[in-house]
Amino acid sequence: KAHDFTCRLGSIDCTHWSWKNCPKAWHGQFHGQKKGSTIILEAVADQETLIWHAFFGMPGSWNDINVVNRSPLMNKIANDELPAVQFVANGRTYNYGYYLADGIYP
């Protein structure tokens with residue numbers, strides 16, 4: 001509240017997890033940004049750092065945008081299934097919440 005993020009629905013990001021026992025046939029698809037196979041977790045956490053959304057299982061060869069495009073959370077946004085929230089930024093009123101993210105997200 002001190003920084004006026006009260007209409008933020010959560011903070012979103014993706015992370016790569018090492019997959020030690022990835023099947024050999026899938027190594028190419030799940031080869032991560034670094035050495036070895038990885039699987040991606042997309043998560044949203046609230047102000048209390050509680051994770052209320054997790055989307056797990058996308059190949060490590062993908063970037064955040066590929067994961068977000070297939071996320072069930074983005075389907076909810078596209079279908080207007082989010083909680084009703086209103087906030088004002090730079091004198092303009094918005095009638096939806098938002099997610100705090102890094103620069104890769106549109």
Judged by atom type as modelled, is there a donor-acceptor pair below 3.5 Å linking the side chain of [X] to the main-chain atoms of [Y]?
X     : Y     : value
Asn90 : Arg92 : no
Ser18 : Lys20 : no
Ser61 : His31 : no
Asp64 : Val67 : no
His27 : Ser37 : no

*Is the closest side-chain heavy-atom distance between Thr93 and Gln86 below 4.5 Å?*
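They are in side-chain contact.
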
*For the residue pair Met58 and Cys14, establish whether any side-chain heavy-atom pair is separated by less than 4.5 Å.*
no

Using every non-hydrogen atom in the two residues, find where [X] and [Y] come nearest and quote the distance to one decimal.
X     : Y     : value
Ala43 : Ile51 : CB-CG2, 4.2 Å
His16 : Gly60 : CE1-O, 3.0 Å
Phe30 : Cys22 : CB-SG, 4.1 Å

Enter the distance from [X]:[atom1] to [Y]:[atom2] here, rounded to the nearest 0.5 Å.
X     : Y     : atom1 : atom2 : result
Thr38 : Trp17 : OG1   : CH2   : 12.0 Å
Glu42 : Asp13 : CD    : CG    : 9.0 Å
Leu73 : Glu81 : CG    : CD    : 10.5 Å

*Give the cluster check for Ile12 versus Leu50: same hydrophobic cluster or not, with ILVMFWY residues linked at side-chain heavy-atom distances below 4.5 Å.*
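Ile12 does not cluster with Leu50.
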
*asked:* Quick check on Asp80: does its CG atom have over 12 non-hydrogen neighbours (other residues, nucleotides or ligands) under 6.0 Å away?
replied: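 Atom CG in Asp80 is not packed in, count stays at 12 or less.
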
*Decide if atom CH2 of Trp26 counts as having more than 12 heavy atoms of other residues, nucleotides or ligands within a radius under 6.0 Å.*
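Check fails, neighbour count at 12 or below.
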
*asked:* Taking side chain to side chain contact (heavy atoms under 4.5 Å, CB included) as the criterion, tell me which of Ile40, Val68, Asn69 meets it with Trp62.
replied: Ile40

